K.L.:
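Quick one: structure below, then a few questions.
The model shown is predicted, which means the values in this text are computed figures rather than measured ones.
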Amino acid sequence: MKTVKFHRYAQPAGTEIYTDPIGDLIALLPANSWIGITHESDGWYHVITAHIDGWIRKEDCTSGKHIALTPIVPAERGHFALNYTLRA
């Protein structure tokens, strides 16, 4: 299991994610997409996103304002949080 060390956001629209720093392009992220950084190496971050993991150039990331994840708990489900929402 990969552990997120810190968080960043994709800066430009179409931020590229690669299989490794010299590998193949595997995805494009929309601008301001959340990125969880698990490792850094020579100008690159190993990242996880909501849908994929791979490598992204450090220059394509930015730190953003702090956000908090708040659970949404439907009344019929009691204390089990099924969904999360971002609160700025």
K.L.:
Is Thr38 reaching over with its side chain to a backbone N or O of His46, donor-acceptor style, under 3.5 angstrom?
P.N.:
yes
K.L.:
For residues Ile35 and Phe6, determine if any side-chain heavy atom of one lies less than 4.5 Å from a side-chain heavy atom of the other.
P.N.:
no
K.L.:
Check whether any side-chain N or O of Thr49 sits under 3.5 Å from a backbone N or O of Ile52 as a donor-acceptor pair, and report yes or no.
P.N.:
yes
K.L.:
Taking salt bridge (Lys or Arg N to Asp or Glu O under 4.0 Å) as the test, write out the residues that go with Asp20, two or more places apart.
P.N.:
none
K.L.:
Would you say that Val4 contacts Ile48 through its side chain, given a criterion of any heavy-atom pair below 4.5 Å between the two side chains?
P.N.:
yes
K.L.:
With rounding to the nearest 0.5 Å, note down the distance linking CD in Glu40 to CZ in Arg8.
P.N.:
8.5 Å
K.L.:
With distance as the sole criterion, is a donor-acceptor pair present between the side chains of Tyr18 and Glu16 under 3.5 Å?
P.N.:
yes
K.L.:
If you apply the rule side-chain contact (heavy atoms from CB on, under 4.5 Å), what do you find for Trp44 with Arg57, and how did you get there?
P.N.:
CA-CA 5 Å; Trp44 290 81; Arg57 290 182 194 95; 3.7 Å; yes
K.L.:
Answer yes or no: is there a side-chain heavy-atom contact under 4.5 Å between Trp55 and His39?
P.N.:
yes
K.L.:
For residues Trp34 and His7, determine if any side-chain heavy atom of one lies less than 4.5 Å from a side-chain heavy atom of the other.
P.N.:
yes
K.L.:
Donor-acceptor pairs under 3.5 Å, side chain of residues 24-33 to any protein atom, not counting sequence neighbours: which ones?
P.N.:
from: Ser33; atom 1: OG; to: Pro30; atom 2: O; distance (Å): 2.7

K.L.:
Hey, what do you get for CD1 (Ile56) to CD1 (Ile17), rounding to the nearest 0.5 Å?
P.N.:
5.5 Å
K.L.:
Kindly indicate, with the supporting measurements, whether the criterion side-chain contact (heavy atoms from CB on, under 4.5 Å) is fulfilled by Cys61 and Tyr45.
P.N.:
CA-CA 9 Å; Cys61 301; Tyr45 288 133; 3.8 Å; yes
